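Below is one structure, written out as structure tokens, with a few remarks after it.
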Amino acid sequence: MLEGVRGTIMYQASLQDYTSFRIGGPADVLVEPVDVDDLCRVVAKAHAERIPVFVVGGTNLLVRDGGIRGIVVSLRRLKSIRQEPGHVLYADGGVGMPALIGYAIRRSLSGLEWGAGIPGTVAGCVVMNAGTRLGEMKDALKAVRMVDPRGRVVDIPATEIPFSYRRAHLPRGIVAGVWLQMTPGDHARIEKTVKDYLQYRKDTQPLTLPSAGCVFKNPPQDSAGRLVDAAGLKGARVGDAQVSDKHANFMVNTGHARAADVLALIRKVRAAVKKQSGVTLELELKVVGQA
């Protein structure tokens, strides 16, 4: 079925190396397309055979231990970045945010400083409208290039995309690339802002251990981390999954944690917070796959 695909094709491939949590069962088939045309080919063939397609990537993902059926696509080989007229950057969906921010700094372009320390891909940051206290993806987004479920390229202006907290309400499909509206700025000032915020994140978040970023959404006018800390759950663990000692809204993989361990720890934390404060925490983490 995948004849003609130019990218890498792997069968029964572990997804541990494709998630920031370093957790996840196998994919029936894992494909790494070499470019957007190759991605369109994969999606079109899967659509014709009625085989489900799932894109793995980003930092807010937990893949269950049973893995994912069908075709799993990784965009890690889609890494092209270019500057276009009007201080616009185009980046493929598989570009890592650190690489994109570095590209912008070298060209004295401002608008992505908020993303310092976010290890995810451009596509993942669009889908979840990633953000920090300095800003979020929608602030810089000009347009999104998507591959629809039939394998066709569709370009969507950001003005036609509704955004909410940690979510872009996109049509079905795969984010293959983005256009970002940047602003010319002072090179030294942009670089200092990025370095200062990166240091702040290193000081306050467990960036040295595998994690999926913040596990819970912040309730209105409150902080999920504060609620977890107030319930006495910092350092709590199930197996090798642990609530971070540094930031209570992070869970880290201290060794060989399974998805079942993380899910058990989530249930434990939710129950304790509900009992202590009456708040039901909602997941920011996306859980996929079979148990």
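Owing to the predicted nature of the structure, the values given are computational and were not obtained by experimental measurement.
Pairs of residues two or more places apart, or lying in two chains, that qualify as side-chain hydrogen bond (donor to acceptor under 3.5 Å, both in side chains) and include a residue from residues 68-80 are Thr8-Arg77, Asp28-Arg69, Arg69-Gln290. Listed by first then second residue, pairs satisfying ring-ring contact (aromatic ring centres under 6.0 Å, His included) with a partner in residues 167-188 read Tyr90-Trp179, not counting sequence neighbours. Note on residues 233-283: pairs passing ring-ring contact (aromatic ring centres under 6.0 Å, His included), not counting sequence neighbours, are His247-Phe250.
Other members of the hydrophobic cluster containing Leu209, listed by chain and number, are Val252; membership follows side-chain contacts under 4.5 Å among ILVMFWY residues, whether direct or relayed. Grouping Ile, Leu, Val, Met, Phe, Trp and Tyr by side-chain contacts under 4.5 Å, direct or through others, puts Leu227 with Phe21, Ile23, Leu62, Val215, Phe216, Val228, Leu233, Val238, Val243, Met251, Val262, Leu263, Leu265, Ile266, Val269, Val273, Val279, Leu281, Leu283, Leu285, Val287.
Within 6.0 Å of atom CZ in Arg6, more than 12 heavy atoms from other residues, nucleotides or ligands are found, so the atom counts as buried in its surroundings.
With sequence neighbours excluded, the residues satisfying side-chain contact (heavy atoms from CB on, under 4.5 Å) with Lys234 are Asp229, Ala248. Evaluation of the side-chain hydrogen bond (donor to acceptor under 3.5 Å, both in side chains) rule for Glu191 yields no partner, not counting sequence neighbours. With sequence neighbours excluded, no residue satisfies side-chain hydrogen bond (donor to acceptor under 3.5 Å, both in side chains) with Asn218. Judged as a side-chain hydrogen bond (donor to acceptor under 3.5 Å, both in side chains), and not counting sequence neighbours, Asp17 has no contacts. Applying the side-chain hydrogen bond (donor to acceptor under 3.5 Å, both in side chains) rule to Asp37 yields no partners; only residues at least two apart in sequence or on another chain are considered. By the side-chain contact (heavy atoms from CB on, under 4.5 Å) test, Val72 pairs with Leu15, Ala27, Leu30, Val56, Ile68, sequence neighbours left out.
For the pair Asp203 and Lys246, the minimum side-chain heavy-atom distance is 4.5 Å or more. Side-chain atoms of His87 and Gln181, non-hydrogen and from C-beta on, do get closer than 4.5 Å to each other.
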Table please: side-chain donor-acceptor pairs of residues 98-112 below 3.5 Å, with sequence neighbours left out.
unit_1, atom_1, unit_2, atom_2, d
Tyr103, OH, Gln83, N, 3.4
Tyr103, OH, Arg107, NE, 3.4
Arg106, NH1, Gly102, O, 3.3
Arg107, NH1, Tyr103, O, 3.2
Ser110, OG, Glu113, OE1, 3.3
Ser110, OG, Glu113, OE2, 2.6

For a salt bridge (charged side-chain N to carboxylate O under 4.0 Å, His left out) check, start with the C-alpha distance between Arg166 and Glu136, then their side-chain angles and the critical distance, and finish with the verdict. CA-CA 9 Å; Arg166 298 297 170 262; Glu136 52 192 353; 3.5 Å; yes

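Contact record, Cys125 with Ile118: SG-CG2, 3.9 Å, taken as the closest heavy-atom pair.
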